[in-house]
Structure formats: structure tokens, C-alpha cells
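Read through the structure below, which is laid out as C-alpha cells, and then see the notes.
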Amino acid sequence: MGILVEACGVCKSYKHGNLNTDVLRHVDMSVSAGEMVSIVGPSGSGKSTLLHCLAGLEVPDAGEIHLMGVDVVRARRGERAKVRARHVGFVFQRYNLMPSLSVGENVSLSARFAGCRVSGKDVCDLLERVGMGGKEHARPAELSGGEAQRVALARAIASCPDIVFADEPTGALDTANGNVVLDILRAMADGESRAVVMVTHDLEAAARADRVFVMRDGKIVHMMTRPASREILTAMETVGERDTDEGAMLR
Ligand code: ADP
């Protein structure tokens, strides 16, 4: 099926007062069907911003992004929303569940936006898969962070999206529940027609991916294929040291 999302020369900056901060600096990456990709790097290195741009949630200042064959940088807002609804599942770092809806309604609504019919049983089955069986009538405010995170995953996959973007999807979970989430994401990518892009601080989680991208200061500075978690740690440390050395040479 080929490449599902491709970014070329993506740049993004934010204005803080009079100061322009470059958050993404000429990022190139692509993700193919059948792949699970992790993005790691220090806090503030631009991982979430990149994920939002790849998913068509934010528009870069420069560069190209093709998501499911659509040029989401130049597309109108409505067209971008359509691509997202039809093809993308997003697990937000802060879950972004709708507080006025029940857990079940949160899950079914996103599928309906995507044009998928999901029955009450489908919703219950999805919640069961993420270890939240029987919670369909609960309100998001009644959930712990870990529970909300799992509902957010159920919502993201309810429409059987072609590509799931997940921002720290195991951040609020213990090891057992984290593994439930990672197994679901891994299984999606193993299906060969879909892909998963995950931002994570958890190097064990990152190591479940086929490829791992290391970001630093808004750039992808390293890419590894099927690394062990220890290799990811070494790469992050090496990249950090290299930057410090370069900084010292410049000074
Ligand atoms: P990471 O996910 O690696 O922690 P982020 O992409 O969240 O990094 O953020 C990178 C930088 O961009 C940070 O310095 C952050 O403060 C800044 N940033 C992110 N989003 C915004 C925004 N909407 N407005 C202004 N600055 C932002």
C-alpha cells in the first residue's frame, strides 16, 4: 500500500512575545503501511508538534506533508478535517475526551464522524479490548488518568483508521495496562495496511516499533531500525553528548 504519511522539509516556529522559537527545523520522514514508528527525544524537542503536523492537526510554516495522498499543508481546513476523520486516529497526550458525553458516546461519536456505523456491542467490545469493559456509561470526570488514556485509545481506533498517531499513549499507565495498549498498536501495524506513529518517553515502549526516530532541537538527528531499548538510550545519550561537544567547540 506504500507510504501513508510523508513529510519533507517541515519547519514550524511559534512566537513567544517578540521572539520566534523554531520548533521544527527541516524535518523529513515517512511512514509506510505495516510500520510502527516511535519518536523519542528530550522534552521540548518538537515531538508533539511534529505528530500534530503529520496528523494534519497543525499546519507547518514551510515544507510538505502528504497524508493518505492529500497535501495537508495546502488543503483547505475542511479537506484536512475530512482526511483526518476518514483515515486518522489520534490519541492525545491529555486524552481530550468530551466531558459532557459518556465513555461509550465518546467512542462511538468519533467513529460516526468517520462515517462508520458502530453498534452498542462494538463499543462495549472496544472498551473490553482496552480493559475498560462495563465502563460505557461512566463520565470522563469519573475516570483516572490511566482509564481516560485507554478510552482515548478505544476512541482513536473505533473507526478502524489507516494511521494512528499516539502522543505518549502509555504515559499514565502501569506496565500491564501499558502493554495492553502497546499490543493493540503493534497489532494494528502488523496488519500490513495500517501504520502507527507514537511519541513516547518510555524506551521499552519505543522499542516495540519497527523504526525509532530520535529528535533533538526540532530535528531528527538519528533513525534506528528495530533497536533494543538500550540502543535507543545509547543513541539519545550519544546525540546529547555530540551536541554538547559541538556547542563547546563553538564556544
Ligand atoms: P515535545 O513533544 O518534544 O516535548 P513540543 O512539540 O510539545 O515538544 O514543544 C516544542 C516546543 O514548542 C516547546 O518549547 C513548546 O513550548 C513549544 N510549543 C509547542 N506548542 C506550542 C504552541 N501552541 N504555542 C507556542 N509554543 C508552543
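When reading the values below, keep in mind they use all heavy atoms of this one structure, side chains included, and skip hydrogens, waters and symmetry mates.
- One distance of note links CD of Glu6 with CE of Met68; it measures 13.0 Å at 0.5 Å rounding.
- Rounding to the nearest 0.5 angstrom, the gap separating the CD1 atom in Ile157 from the CG atom in Leu185 is 8.0 Å.
- Ser13 and Asp61 share a donor-acceptor pair across their side chains, judged by distance under 3.5 Å alone.
- The hydrophobic clustering, which links ILVMFWY residues whose side-chain heavy atoms are closer than 4.5 Å, places Leu54 and Met36 apart.
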Residue pair His137, Ser102: steps toward the side chain to side chain donor-acceptor pair (under 3.5 Å) verdict:
CA-CA 5 Å; His137 299 299; Ser102 70; 5.5 Å; no

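- A salt bridge is absent between Arg129 and Asp125; no separation between the charged side-chain nitrogens and carboxylate oxygens falls under 4.0 Å.
- No more than 12 heavy-atom neighbours from other residues, nucleotides or ligands sit within 6.0 angstrom of CE on Met98.
- In plain terms, the two heavy atoms of Gly131 and Arg150 that are nearest each other are O-NH1, 3.2 Å.
- Of all heavy-atom pairs between His201 and Ser43, the closest is NE2-OG, 3.7 Å.
- Formation of a donor-acceptor pair under 3.5 Å by the Gln93 side chain with backbone atoms of Asp167 is not found in this model.
- The heavy-atom pair separating Arg80 from Val73 by the smallest distance is NH1-O, 4.2 Å.
- The minimum heavy-atom distance between Ile232 and Pro227, with the atom names listed, is CG1-CG, 3.7 Å.
- Residues Val197 and Tyr95 do not share a hydrophobic cluster, defined by chaining ILVMFWY side chains whose heavy atoms lie under 4.5 Å apart.
- Looking at heavy atoms from C-beta onward, Val151 lies out of side-chain contact with Pro140 at the 4.5 angstrom threshold.
- Remark: the backbone N or O of Pro161 is paired with a side-chain donor or acceptor of Arg194 at under 3.5 angstrom.
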Could you go through the side chain to side chain contact (heavy atoms under 4.5 Å, CB included) check for Lys219 and Val221 one step at a time?
CA-CA 6 Å; Lys219 286 187 190 165; Val221 288; 4.3 Å; yes

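- With rounding to the nearest 0.5 Å, the separation of CG in Leu126 from SG in Cys160 is 8.0 Å.
- Salt bridge annotation for Asp202-Arg208: absent, with no cationic side-chain nitrogen under 4.0 angstrom from a carboxylate oxygen.
- When all heavy atoms are compared, the tightest approach of Leu4 to Asp162 is CD1-O, 3.6 Å.
- More than 12 non-hydrogen atoms from other residues, nucleotides or ligands lie less than 6.0 angstrom from NE2 of His66.
- Under the 4.5 Å side-chain heavy-atom criterion for Ile, Leu, Val, Met, Phe, Trp and Tyr, Val72 and Val31 are members of the same hydrophobic cluster.
- Salt-bridge annotation for Asp71 and Arg74: present, with a side-chain N of the basic residue lying under 4.0 Å from a carboxylate O of the acidic one.
- Across Cys53 and Ile65, no two heavy atoms sit closer than the pair O-CD1, 3.4 Å.
- With a 4.5 Å cut-off on side-chain heavy atoms, Phe92 and Arg155 count as touching.
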Test side chain to side chain contact (heavy atoms under 4.5 Å, CB included) applied to Ser108 and Val123, step by step
CA-CA 7 Å; Ser108 60; Val123 170; 3.8 Å; yes

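- The backbone N or O of Ala195 sits nowhere less than 3.5 Å from a side-chain atom of Glu35 that would complete a donor-acceptor pair.
- Between Glu136 atom CD and Asn106 atom CG the span is 13.0 Å, to the nearest 0.5 Å.
- Residues Phe213 and Leu182 do not share a hydrophobic cluster, defined by chaining ILVMFWY side chains whose heavy atoms lie under 4.5 Å apart.
- Considering only heavy atoms from C-beta on, Arg112 stays 4.5 Å or farther from Val118 through its side chain.
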Show, in sequence, the C-alpha distance, side-chain angles and deciding distance for His52 and Phe90, and conclude whether the ring-ring contact (aromatic ring centres under 6.0 Å, His included) test is met.
CA-CA 9 Å; His52 285 229; Phe90 203 101; 5.1 Å; yes

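- Rounded to the nearest 0.5 Å, atoms CE (Met29) and CE (Met223) are 9.5 Å apart.
- Counting heavy-atom neighbours within 6.0 Å of Arg139 CZ, excluding the residue itself, gives a total above 12.
- Residues Arg226 and Val212 are not in side-chain contact: their nearest non-hydrogen atoms beyond the backbone lie 4.5 Å or more apart.
- Counting non-hydrogen atoms of other residues, nucleotides and ligands closer than 6.0 Å to NZ of Lys12 gives a total above 12.
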The test is side chain to side chain contact (heavy atoms under 4.5 Å, CB included); show your working for Val37 and Asp210 and say whether it passes.
CA-CA 6 Å; Val37 158; Asp210 300 298; 5.9 Å; no

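- Using modelled atom types, one side-chain atom of Glu147 and one backbone atom of Ser144 make a donor-acceptor pair closer than 3.5 Å.
- Follow the hydrophobic side-chain contacts under 4.5 Å out from Val5 and you reach Met215 in the same cluster.
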